[in-house]
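Read the structure below first, then the notes.
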Amino acid sequence: MSEKGLHLGLIMDGNGRWAKMRHLPRTAGHLAGLKSLKKVVLGAINQNVKYLSLYCFSTENWKRSEEEVKYLMSLFSSKIYGELPFYNENGIRILTLGDLSPLPEDAKKAIADTIRATENNSVITVQLAINYGGQSEICQAVGRAVADGVTEFTPEILRSYFEHPEIPPVDVIARSAGEIRLSNFLLYDSAYAEFIFCDKLWPDWNEEDVAFVLKEYSHRVRRFGGVK
Ligand code: FPP
């Protein structure tokens, strides 16, 4: 963990299965997932997490049905800015990670307004990964570095061209809903992250699941390739 504080990444999986089990459309699972997200953010604050990165929409999620993509975009347009009192009451700074350019204009505006309105909050930084992919993140950083005339790379030099180099690398990544894979999330920064996989579907998560993840993490011995 850096001296800036703990960075937790979450892969919020299982919304579709949660809805299917209830004979509801997949979109109902995403709405339920948004509700659990608020509980999880409060749980992260209680556990003194300083950075929380949330995988909201991947560069591959555009392959989903038009209805589902449209619904997720409508959540970004209508729900992110609407939670401003919640962010300000709890000291939550919102940032995003990923290429927002293909998003609908109202979603881009809502996100930009939210980032601006929460920039002085300092209890926790919540990064929403939207149209994010770890491979694209690396390619875009290389592109920016090359345009800047960089010819010799180190891991640190390349990382300085990432979108938010000031944010420390993720310490622990947890994934809900039983799948054991990274799905293109935080590829570069997860080099020495700890991984925790939980069976519970994302819409069933709450404060206690964050406490469970961090308790599990506290038992891990991190050696970063060295010897303890
Ligand atoms: C994966 O479950 C979940 C997603 C692709 C979307 C996650 C988005 C949210 C929780 C809402 C975020 C919204 C805002 C405004 C921040 P899945 O659909 O792949 O589930 P399945 O594997 O059971 O089908």
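Residue numbers count from 1 along this sequence. Numbering of ligands and ligand atoms starts at 1, following listing order.
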Inset, instruction - Determine whether the side chains of Tyr132 and Glu137 contain a donor N or O and an acceptor N or O closer than 3.5 Å. - result: yes
Legend entry - Ligand-side contact atoms (ligand 1) for residue partner Asn61, heavy atom cut-off under 4.0 Å: 5 (C)
Legend entry - Of the listed options Thr96, Leu34, Ile94, Leu75, closest to atom 14 (C) of ligand 1 (non-hydrogen atoms): Leu34
Inset, instruction - Just jot down the ligand 1 atoms closer than 4.0 angstrom to any heavy atom of Ile80, in number order. - result: 15 (C)
Inset, instruction - May I ask you to check whether Tyr55 has an N/O atom sitting below 3.5 Å from an N/O atom of ligand 1? - result: no
Legend entry - Residue pair Tyr87 / Asn121, side-chain donor-acceptor N/O under 3.5 Å: no
Legend entry - Gly178, Ser78, Ala177, Cys56: member with heavy atom nearest to atom 8 (C) of ligand 1: Cys56
Inset, instruction - Below 4.0 angstrom from a heavy atom of Arg26, which ligand 1 atoms are there? Numbered from 1 as shown, please. - result: 17 (P), 18 (O), 24 (O)
Legend entry - Step-by-step side chain to side chain contact (heavy atoms under 4.5 Å, CB included) determination, Lys20 to Leu24: CA-CA 6 Å; Lys20 195 173 176 197; Leu24 294 169; over 6 Å; no
Inset, instruction - State whether a side-chain donor-acceptor pair under 3.5 Å links Arg93 with Thr125. - result: yes
Inset, instruction - Check each atom of ligand 1 against the heavy atoms of Gly16 and keep those under 4.0 Å away; list them by number with element. - result: 17 (P), 18 (O), 20 (O), 21 (P), 23 (O), 24 (O)
Legend entry - Any N/O pair Gly33/ligand 1 closer than 3.5 Å: no
Legend entry - salt_bridge(Lys63, Glu60) N-O dist < 4.0 Å: no
Legend entry - Row check, Trp18 ring normal vs Arg22 NZ/CZ: under 6.0 Å, within 45°: yes
Legend entry - Atoms in ligand 1 flagged as close to Met12, the criterion being non-hydrogen separation under 4.0 Å: 1 (C), 2 (O), 3 (C), 10 (C)
Legend entry - Contact check: Arg64 vs ligand 1, nitrogen or oxygen atoms, below 3.5 angstrom: yes
Inset, instruction - Give the residue, atom name and distance (to 0.1 Å) of the protein heavy atom nearest atom 10 (C) of ligand 1. - result: Asn15 ND2, 3.6 Å
Inset, instruction - Could you please spell out the steps behind the side chain to side chain donor-acceptor pair (under 3.5 Å) verdict for Asn15 and His30? - result: CA-CA 5 Å; Asn15 295 350; His30 295 313; 3.0 Å; yes
Legend entry - Min N/O separation Asp13 to ligand 1 under 3.5 Å: yes
Inset, instruction - Measure the distance from atom 4 (C) of ligand 1 to every protein heavy atom, then report the residue, atom name and distance (to 0.1 Å) of the closest one. - result: His30 CE1, 3.8 Å
Inset, instruction - Tell me, with the steps shown, if Lys109 and Asp106 meet salt bridge (Lys or Arg N to Asp or Glu O under 4.0 Å). - result: CA-CA 5 Å; Lys109 182 178 181 322; Asp106 54 355; over 6 Å; no
Legend entry - ligand 1 atoms in contact with Arg17 (distance to a heavy atom under 4.0 Å): 21 (P), 22 (O), 23 (O)
Inset, instruction - Classify the side-chain pair Ser65/Arg26 by whether it contains a donor and acceptor separated by less than 3.5 Å. - result: no
